[in-house]
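For reference, the structure is listed below as structure tokens.
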Amino acid sequence: MDSASGAGASEPNGGEGPPSATGSFSGDGGGGSGEGVSAAGSATPSRYESQKRRDWNTFLQYLKNHKPPLTLARCSGAHVIEFLKYLDQFGKTKVHATGCPYFGHPNPPAPCACPLRQAWGSLDALIGRLRAAYEENGGRPDSNPFGARAVRIYLREVREGQAKARGIPYVKKKRKRPTTVTMAVVAAAATASTSDQVDVGGGGGTGGV
């Protein structure tokens, strides 16, 4: 990661970010593009839309401050990953190193010198907003750097690494499925409906004979 990259970037996700940049981002780079994100409706933008605009402006400012400067058209998944790593300096989530005695301990009894990082959930949500903003600002879905395979792999590695380091396993939410009773009722209703159709068909055939 370039040491001079992303200077002056604002809070990326509403929960973790530079203390001096809490709230709206006032960078002069990419302000017009950010306005395009919220131009969809004349009403006051929602909290999600406002955050998405700030995130978009933050990323554009990061590209502008990159050494050498980058244009959005030349941005790739690798640059997006660099951006996510840059944001780690503003993180508030303790991620224990493998050599730390509290590695894998969900409730450490004492503080340690392990670094703070951006939480996986914050990065995942950030990428979702930036991916949407990219396409809302004229980007093509097939060339969206935020949806690149490398970015998905990086996020998965961050999720798994943080789960092991913090001793908090990631549990994917499962969709609610109909209960056994509900399924039995549906099956019974379907059987009854089929029986009625058969009876009606059989009666018609007899009458015709």
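Computed from heavy atoms alone, side chains included, the values below leave out hydrogens, waters and symmetry copies.
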[X] side, atom [atom1]; [Y] side, atom [atom2] - distance, nearest 0.5 Å:
X      : Y      : atom1 : atom2 : result
Lys92  : Ser122 : NZ    : OG    : 9.5 Å
Trp120 : Leu84  : CH2   : CG    : 13.0 Å
Gln162 : Gln118 : CD    : CD    : 9.5 Å
Glu135 : Phe146 : CD    : CZ    : 10.5 Å

Is a donor on one side and an acceptor on the other found under 3.5 Å between the side chain of [X] and the backbone of [Y]?
X      : Y      : result
Glu157 : Tyr154 : no
Asn144 : Arg131 : yes
Trp56  : Tyr134 : no
Arg166 : His96  : no
Asp88  : Arg117 : no
Asn137 : Ala133 : yes

query: Just by distance, with hydrogens left out, do Asp55 and Gln51 show a side-chain donor and acceptor under 3.5 Å apart?
result: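 Looking only at side-chain atoms, Gln51 and Asp55 do form a donor-acceptor pair, the distance falling under 3.5 Å.
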Of the non-hydrogen atoms in [X] and [Y], which two are nearest, and what is the gap between them?
X      : Y      : value
Tyr102 : Pro111 : CE1-O, 4.0 Å
Gly128 : Tyr48  : O-OH, 4.5 Å
Gly77  : Ala148 : CA-CB, 4.0 Å
Thr93  : Ala119 : OG1-CB, 3.3 Å

- request: Walk me through it: do Leu63 and Thr71 pass the test side chain to side chain contact (heavy atoms under 4.5 Å, CB included)?
  value: CA-CA 7 Å; Leu63 294 182; Thr71 61; over 6 Å; no
message: Set out, in order, the CA-CA distance, both residues' side-chain angles and the distance that settles side chain to side chain contact (heavy atoms under 4.5 Å, CB included) for Phe59 and Cys75, then state yes or no.
response: CA-CA 11 Å; Phe59 185 71; Cys75 180; 3.5 Å; yes
- request: Evaluate whether atom NZ of Lys94 has more than 12 neighbouring non-hydrogen atoms of other residues, nucleotides or ligands under 6.0 angstrom away.
  value: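 Yes, enclosed.
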- prompt: Would you call Glu49 and Lys52 a salt bridge, using N to O less than 4.0 angstrom?
  reply: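 Yes, charged N to carboxylate O under 4.0 Å.
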query: Is there a path from Val95 to Leu87 through hydrophobic residues (I, L, V, M, F, W, Y) whose side chains come within less than 4.5 Å of each other?
result: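 Val95 does not cluster with Leu87.
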task: Could you give me the CA-CA distance, side-chain angles and deciding distance for Asp124 and Val158, then say whether side chain to side chain contact (heavy atoms under 4.5 Å, CB included) is met?
output: CA-CA 10 Å; Asp124 187 58; Val158 169; over 6 Å; no
field: Option from Lys64, His79, Glu82 for which side-chain contact (heavy atoms from CB on, under 4.5 Å) with Leu70 holds
entry: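 Of all the options given, the one that passes is His79.
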